[in-house]
Amino acid sequence: MRKKLLFAAVAAIGATAVYVYAKDNLPAMNRQNPLLANYETVYDIPPFDQIQMSDYMPALREAINIQKAEVKAIIDNPEAPTFENTILALDNSGDLLARVALLFGGLDEALNSPESEKVAETFYAEAQQWADEMAMNPELFARIRSVYDNRESMNLTVPQLRLVEKTYRDAVRNGAMLSAADQDSLKAVNSRLTDLYLKFNKNLLAATNEFVITVTDTARLAGLPGGIVDAAAEAAAERNLPAGTYAFTLHAPSRLPVLQYADDRSLRQQVYEGYTGLASSGQYDNGPVINDIVRARTAKARLLGYPDFASYATSNVMAKTPEAAMELLTKVWNAARTRVNEEVAEMQALTPEKIMPWDYSYYAEKLRQQKYALDEEELRQYFAVDSVLQGVFKMANILYDVNFTELPEAPKYHPEVKVYDVTDAKTGEHIAVFMNDYFPRASKRQGAWMSEFKGEYVDENGNRVAPIIYNVGNFTRPTATTPALLSIDDVETLFHEFGHGLHGMLTRAEYRSQAGTNVDRDFVELPSQIHEHWAVAPEMLKMYAHNWKTGEVIPDELIAKLEAAQHHNQGFTTGELASAALLDLYWGKLNLEQGDSVNVLDFERSVAEKLGMPAELQFRYRSPYFKHVFGSDGYASGYYTYLWAEVLDTDGFELFEERGIFDPETAASFKKNVLEAGGSEDPMKLFVNFRGREPEVDALLRNRGLISK
């Protein structure tokens, strides 16, 4: 997942890149706030060890004041509005604000603490207040509108024209054309949503960290791989539990192996019900929060002239309407549901007990071993995290001529973070800084994502300013006896987030708000998802998949088994994803007036009934922990984008398959038209430039084995 940490309005008409300001803003004890000074670090990496939690609010307020002055200078300019003095000047503003917001937002997700939660309550509220004030400034909008109205006569380049149109469109979407009274109402709604997202995320993190299942009877561990048992013992020790105790949590590296391998059905059920009941009751119940969010989104959509929030959310991306997204999802869902019924029938033959949702992964694994003789635990031995990391570096080197060199002395926000200098393999030019942070901890939310501490842009002298990009994950930790060994799903996740990283690192966009992942939301997953294909390509596996004990390259027979099983359980996998995306859109289509409410779980059940969901299947994310949708606006009414972009990535990768997956010409075209271009051109035009035609939906179904090739 590409994680967008700047606020929607700031990102819409403010900057997403960073300059460094030297300021004489000295707090008590004559200490200079490092956020307001030049970073004396390699490649301008934030000096994490010097920054205190008390630095953020003074830095944010100073940053807002600086951007207020920049906006005032644009408004007070006596010259007629032009691209340079209005649109570009606005795009260039807010550098310090972006720097502070990206840093705090990133660490609040990956290194959360009671102190950061306290700061967050004020930080996000004040940032949103300024974002609204800027977005709804009538004098600023008058200049934006003047450029927009005259854009066709200004002889603008394609990126310039897109920047003008996006700046205008985003200002309108953020309330610039509303009456003063309606603007006040929208500001109140936005402030309310900011608070609700914080509450949702706080509940989710607390509920996740609170849940633990302890096991003392070793018979209940039957079927679990040794590494998972060792990790459970270490997790128990970290909690100061008695020797001989094993602790299982809801974090994916603990939860998923239990569901896949544990012979003890009651243990699987405990873990499954703990996860699917996460933040659904008690102290951390997110049900009331979801109702408040839906009511606020209903009000926001109505104020902005949309029939519902889903229509608002999809209107400025490739899909254009929720109906278009639903059309794609329904086609995928129907194919997946049919396959789910077939999969359940096959699994049911393995047991006299009726297959329940907590049995699905377990019997799917049994069936995979029976049909393909593929043991995922055997596969793990070839996927130590460091080997996989070297694999993505090798892929990037072959395809895009870049090298990665570790910087062990570079600043880092946690000891487990690794930092790399990314350079052009031919010229030695510094391209970017890349960081990764791959293991779970109580201070980090679940999932995997990519973001940036600094965005790319071209400065006023024509020099490219290099970005600082990072990936975060929650993979199985190493133990005292084994390195961190990844499942094949984990491997694909690492390649996925690295694909987002490449989008951020290799961008060559001229303007800040068009750089890297600043693209339409339903296009942003193309670079991430297409790179997943290399993870399991035989040629690529031979380069990086080595047995961690012996160094042996993954054998051909194991690769053959992996290829034979590539479509195994795709009904379940696709059904989980498509149903969750449809659930998201149903939430976006729901309008709740003030005083109205719904029972969240009843609403989910009603959607499942409409879909004809098989009893053995569940949404990939239940609403109370559907952070994509209720933790921010980032993927709200937009979770469909993973499948939308999969149409693009599967069709695009078929071109690589036709020409060779390391074909230099095809890789160069993808680099130029997608990775480097960012948001500087219409996304469909960029895809056609690369592929030679528009995408075919059936490529997705072929890739998942839901229709024949």
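As the structure is a computational prediction, the values presented were derived from the model and not from experiment.
- For the atom pair CG of D633 and CZ of R297, the computed distance is 5.0 Å after rounding to the nearest 0.5 Å.
- Rounding to the nearest 0.5 angstrom, the gap separating the CG atom in L611 from the OG1 atom in T330 is 8.0 Å.
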- Task: Check step by step if salt bridge (charged side-chain N to carboxylate O under 4.0 Å, His left out) holds for R162 and E165.
- Result: CA-CA 5 Å; R162 279 185 61 79; E165 292 174 345; 6.0 Å; no
- Query: Could you walk me through whether E532 and F653 pass the side chain to side chain contact (heavy atoms under 4.5 Å, CB included) check?
  - Reply: CA-CA 10 Å; E532 292 181 42; F653 190 70; over 6 Å; no
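- Although no hydrogens or angles enter the test, the distance criterion places no donor-acceptor pair under 3.5 Å between the side chain of D584 and the main chain of A580.
- Residues T573 and R704 form a side-chain contact, since some pair of their non-hydrogen atoms from C-beta on lies under 4.5 Å apart.
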- Task: Test salt bridge (charged side-chain N to carboxylate O under 4.0 Å, His left out) on E323 and K589 and set out the steps.
- Result: CA-CA 10 Å; E323 289 73 25; K589 295 287 289 181; 3.0 Å; yes
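- Aromatic rings of Y639 and F619 (six-membered ring for Trp) have centroids beyond the 6.0 Å cut-off, not under it.
- Judged by distance alone, the side chains of Q529 and D649 do bring a donor and an acceptor atom under 3.5 Å apart.
- Judged by distance alone, the side chain of K444 and the main-chain N or O of F439 form a donor-acceptor pair under 3.5 Å.
- In summary, the aromatic rings of F383 and F475 are positioned with their centroids too far apart to meet the 6.0 Å limit.
- At least one donor-acceptor pair closer than 3.5 Å links the side chain of Q514 to the backbone N or O of P159.
- Between F495 and F498, the distance from one ring center to the other does not fall under 6.0 angstrom.
- In this structure, F670 has its ring center no closer than 6.0 Å to that of H533.
- Side-chain contact between L590 and F603 is present, with at least one heavy-atom pair separated by less than 4.5 Å.
- With hydrogens and angles ignored, the 3.5 Å screen pairs no side-chain donor or acceptor of Q390 with any backbone N or O of Y544.
- With a 4.5 Å cut-off on side-chain heavy atoms, L389 and Y438 count as touching.
- Remark: side-chain polar atoms of D437 are not paired, donor with acceptor, to backbone N or O of V472 under 3.5 angstrom.
- A ring-ring contact (aromatic ring centres under 6.0 Å, His included) with H628 is found for exactly one of W587, Y621, W449, namely Y621.
- A donor-acceptor contact shorter than 3.5 Å is absent between the side chain of T507 and the backbone of G504.
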- Working for salt bridge (charged side-chain N to carboxylate O under 4.0 Å, His left out), residues K166 and D520: CA-CA 11 Å; K166 185 176 187 302; D520 284 6; over 6 Å; no
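- Side-chain atoms of N286 and F630, non-hydrogen and from C-beta on, never get closer than 4.5 Å to each other.
- In this structure, OG1 on T476 lies 5.5 Å from CG on D490, to the nearest 0.5 angstrom.
- Here K542 pairs with D556 in a salt bridge; the nearest charged N to carboxylate O distance falls below 4.0 Å.
- Aromatic rings of Y625 and Y275 (six-membered ring for Trp) have centroids within the 6.0 Å cut-off, being under it.
- E696 contributes atom CD, which lies 7.5 Å from atom CD of E654 (distance to the nearest 0.5 angstrom).
- Atoms CG and CG, from L250 and L256 in turn, are 10.5 Å apart once rounded to the nearest 0.5 Å.
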- Message: Could you walk me through whether D359 and K354 satisfy the salt bridge (charged side-chain N to carboxylate O under 4.0 Å, His left out) test, starting with their C-alpha distance in whole Å, then the side-chain angles of each, then the deciding distance to 0.1 Å, before giving a yes or no?
- Response: CA-CA 9 Å; D359 299 321; K354 177 175 170 51; over 6 Å; no
- Query: How far apart are the C-alpha atoms of Y360 and E343, what are their side-chain angles, what is the distance that settles it, and do they pass the side chain to side chain donor-acceptor pair (under 3.5 Å) test?
  - Reply: CA-CA 9 Å; Y360 208 119; E343 290 172 355; 2.7 Å; yes
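- Under 3.5 Å, the side chains of D308 and S311 contain a donor-acceptor pair of N or O atoms.
- Residue E694 qualifies as open at atom CD: its count of foreign heavy atoms under 6.0 Å is 12 or below.
- For the pair Q369 (side chain) and Y372 (backbone), a donor-acceptor distance under 3.5 Å is absent.
- Annotation: the span from N474 atom CG to H251 atom NE2 amounts to 7.0 Å, rounded to 0.5 Å.
- Checked by atom type, the side-chain pair E646/T650 shows no donor-acceptor distance below 3.5 Å.
- Judged by distance alone, with hydrogens and angles left aside, the side-chain atoms of S669 form no donor-acceptor pair with the main-chain N or O of T666 at under 3.5 Å.
- Of all heavy-atom pairs spanning V697 and V647, the tightest one is CA-CG1, 3.8 Å.
- Using cut-offs of 30° and 60° on the angle between ring planes, the pair F656 and F690 is tilted.
- Here the side chain of R339 pairs a donor or acceptor atom with the backbone of G705 at under 3.5 angstrom.
- Using modelled atom types, one side-chain atom of N591 and one backbone atom of P307 make a donor-acceptor pair closer than 3.5 Å.
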- Query: Taking it one step at a time, do T641 and E525 satisfy side chain to side chain donor-acceptor pair (under 3.5 Å)?
  - Reply: CA-CA 7 Å; T641 59; E525 297 297 335; 5.1 Å; no
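- Contact record, A319 with Y640: CB-OH, 3.3 Å, taken as the closest heavy-atom pair.
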- From CA spacing to verdict: side chain to side chain contact (heavy atoms under 4.5 Å, CB included), L278, R622: CA-CA 8 Å; L278 186 60; R622 302 291 298 277; over 6 Å; no
